[in-house]
2 protein chains.
Amino acid sequence: MSAPEVPVRRQTRQRTAVLTLLDQLDGFRTAQDLHALLRERGDAVGLATVYRALQALVDDGLVDVLRGEDGEAAYRRCSPVHHHHLVCRSCGLTVEVADPPVERWAARVAAEHGFADVQHQLEVFGTCGRCTPAQR
Amino acid sequence: MSAPEVPVRRQTRQRTAVLTLLDQLDGFRTAQDLHALLRERGDAVGLATVYRALQALVDDGLVDVLRGEDGEAAYRRCSPVHHHHLVCRSCGLTVEVADPPVERWAARVAAEHGFADVQHQLEVFGTCGRCTPAQR
DNA sequence: GACCCGTGTGAGAATGGTTCTCATGACCAG
DNA sequence: CTGGTCATGAGAACCATTCTCACACGGGTC
Ligand SMILES: [Mn+2]
Ligand SMILES: [Mn+2]
Ligand SMILES: [Zn+2]
Ligand SMILES: [Zn+2]
């Protein structure tokens, strides 16, 4: 019934800077972090614009969002296919992982309890090798 | 090395009211919601106190926290053993579920990538039967 | 290349959930 | 019962995120 609603995205220096930066990072970063990094690097971008650019990238499926313990959102350039994350609590380093079995499990469990329109969320947190202090 | 650090919890009208209310609810509720419910019911409790009581319950393992899309924290009286949640996006109704296979999977995947001190988080969201509009 | 118009930008204000402050009140061990 | 310690609550403070709105600019068009 409604139009495809395809918002035309203009290519601006700011949006390019945000995506370029994300492509060079390997972990989840907060909008505030990204804003600070852009400023250090020289391509200054307004904070509000960083938020808007990130939201657009999320809508386009190019970036994933994750909420930290404190509720602050963190963003990462991710592959467009469904996957989960193995995240370092210390440095944010992230590895994309897949778990086919859990996909079916989630669907089955939801059906058994009469739930529809199901989605799931699975993340693994830990400390990566580089951040683990040399063990005795 | 450090003392057991066992903070003595006093039993107050406010803390009792919060836990009693949570025991009567079956789904995740925000602190603001709980505060409003307590006010309606008559046992008025300060908002700051609601937050403090909930945090204490979380620390004691009696309550689970979940962050919504908007980052707002939601609380629920839960069993003290490890489990996951099947949550209704509409009314908050929640069912506790377990998935033994995913436990081993998470540990294995983390180990394969050199991650230590691993934890995981798995939640399933959907629309419960009561909230699903009668299908045609 | 010049024009136009709708979209994007940014500084600052506003929002809103959560935490902090601190004077006052209430558990509860002794 | 009493004292000291912990808890409470009203309001201020905090802080990530969103909104406002005047201005800049991307990118079709001719
Ligand atoms: Mn999955
Ligand atoms: Mn588990
Ligand atoms: Zn790390
Ligand atoms: Zn429901």
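Hydrogens, waters and symmetry mates play no part in the numbers below; they use all other heavy atoms, side chains included. Proteins come first, then strands; the chains are lettered A, B, ... in the order of their sequence lines, and each starts at number 1.
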*Return the nearest nucleotide to the side chain of A:Arg15; candidates are D:dT17, D:dT8, C:dG8.*
C:dG8
_Pairwise 5' ranking along DNA chain C for B:Gly71 and B:Gln11, keeping only the more 5' one_ = B:Gly71
*asked:* In whole Å, I'd like the distance from the CG atom of A:Asp43 to the C1' atom of C:dT9.
replied: 15 Å
*asked:* Let's test your reading of the model: under 3.5 Å, does the base of C:dT7 pair with the side chain of A:Arg9 as donor and acceptor?
replied: no
*Tell me what B:Arg13 touches on the nucleic acid: a base, only sugar-phosphate, or nothing, going by heavy atoms under 4.0 Å.*
sugar-phosphate
*Nearest-angstrom distance from the residue atom CD of B:Gln55 to P of C:dT18*: 11 Å
*Measure from the side chain of B:Leu47, starting at C-beta and using heavy atoms only, and say which of D:dG9, C:dT18, C:dT9 lies closest.*
C:dT18
*From C:dT18, D:dC6, D:dG9, nucleotide with atom closest to B:Arg10 side chain*: D:dC6
*Figure out the CG/P separation between A:Asp70 and C:dT19, and round it to whole Å.*
10 Å
_Atom-pair distance (CG on B:Leu34; P on C:dT18), nearest Å_ = 11 Å
_How many whole angstroms separate atom CG of A:Leu54 from atom P of D:dT18?_
10 Å
_Any carboxylate oxygen within less than 4.0 angstrom of a Lys/Arg side-chain nitrogen, looking at B:Glu96 and B:Arg76?_
yes
*asked:* Without decimals, in angstroms, what is the distance between B:Arg52 CZ and C:dC20 P?
replied: 10 Å
*Decide if the gap between the ring center of B:His85 and the ring center of B:Phe28 is smaller than 6.0 angstrom.*
yes
*Could you please name the option among D:dA16, C:dG10, C:dG8 that lies closest to any side-chain atom of A:Glu72?*
D:dA16
*Side chain of A:Gln32 - closest among D:dT17, D:dG9, C:dT18*: D:dT17
*How close or far is atom P of D:dT8 from atom OH of B:Tyr51, stated in whole angstroms?*
16 Å
*Measure from the side chain of B:Ala31, starting at C-beta and using heavy atoms only, and say which of C:dC28, C:dA11, C:dT18 lies closest.*
C:dT18
*Would A:His120 and B:His84 count as having a side-chain donor-acceptor pair, cut-off 3.5 Å?*
no
_Does C:dT9 have its OP1 or OP2 closer than 4.0 Å to a side-chain nitrogen or oxygen of A:Thr12?_
yes
*asked:* Whether the A:Gln32 and A:Tyr51 side chains hold a donor-acceptor pair (N or O, under 3.5 Å, no angle test) is what I'd like checked.
replied: yes
*Hey, are B:Arg77 and B:Asp26 close enough for a salt bridge, meaning a charged N less than 4.0 Å from a carboxylate O?*
no
*Whole angstrom is fine here: how far is it from CG in B:Asp59 over to C1' in D:dC6?*
16 Å
